[in-house]
Amino acid sequence: DDVDDTTPTKKGPLKILFLSSDTGGGHRASAEALANQFQRLYPGTTYDLMDIWTDINSSWPYNSIKDYYSSMSASPWKWRTLYHIS
């Protein structure tokens, strides 16, 4: 069977939720590029982009990650520590 995997199988618009981190790493731009492609393939598609660190009420350490993102991304041991305590 020669199946064209690029052909959309669902008809009609989609409703998409992107969970992301708006920390300057291109996450928003990537989500918007994906959203534009979905809107092209499925006209009428809508999407929401939610920053998981600032749009959700959460407790420490999650509510402070955005403030420390640059420092943490430069130090893998900090990410590892956060991973293990979460």
Side-chain angles (χ1 to χ4, degrees):
D1 272 303
D2 286 337
V3 177
D4 182 3
D5 290 335
T6 61
T7 303
T9 56
K10 183 182 186 302
K11 304 289 187 225
L14 305 173
K15 182 163 175 62
I16 302 169
L17 173 62
F18 291 101
L19 300 176
S20 183
S21 174
D22 200 8
T23 53
H27 300 121
R28 177 178 295 277
S30 297
E32 289 178 351
L34 286 168
N36 287 336
Q37 186 67 6
F38 281 119
Q39 289 171 331
R40 188 180 75 74
L41 292 172
Y42 305 99
T45 290
T46 59
Y47 72 96
D48 289 310
L49 177 58
M50 180 178 283
D51 184 333
I52 61 172
W53 304 127
T54 59
D55 294 342
I56 299 173
N57 287 336
S58 61
S59 60
W60 187 88
Y62 309 107
N63 62 359
S64 60
I65 286 178
K66 189 170 181 178
D67 297 333
Y68 299 106
Y69 179 80
S70 294
S71 171
M72 291 179 68
S73 63
S75 305
W77 69 269
K78 291 179 183 178
W79 278 117
R80 188 171 39 255
T81 302
L82 177 64
Y83 175 82
H84 287 292
I85 64 173
S86 63

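Not measured: the values here are computed from a predicted model.
Heavy-atom minimum distance, Pro43 versus Pro13: O-CB, 3.5 Å. Scanning all heavy atoms of the two residues, the minimum distance from Gln39 to Thr45 falls at NE2-O, 3.3 Å. Closest heavy-atom contact between Leu14 and Tyr42: CD1-CD1, 3.5 Å.
The residues Asp51 and Arg28 are annotated as not salt-bridged, no charged nitrogen and carboxylate oxygen being separated by less than 4.0 angstrom.
How far CD1 of Ile16 is from CG of Asp48: 10.0 Å, rounded to the nearest 0.5 Å. Between the CG atom of Leu41 and the CG atom of Asn36 there is a distance of 11.0 Å, given to the nearest 0.5 Å.
Note on ring orientation: taking the six-membered ring where Trp is involved, the planes of Tyr47 and Phe18 are perpendicular (angle over 60°, cut-offs 30° and 60°).
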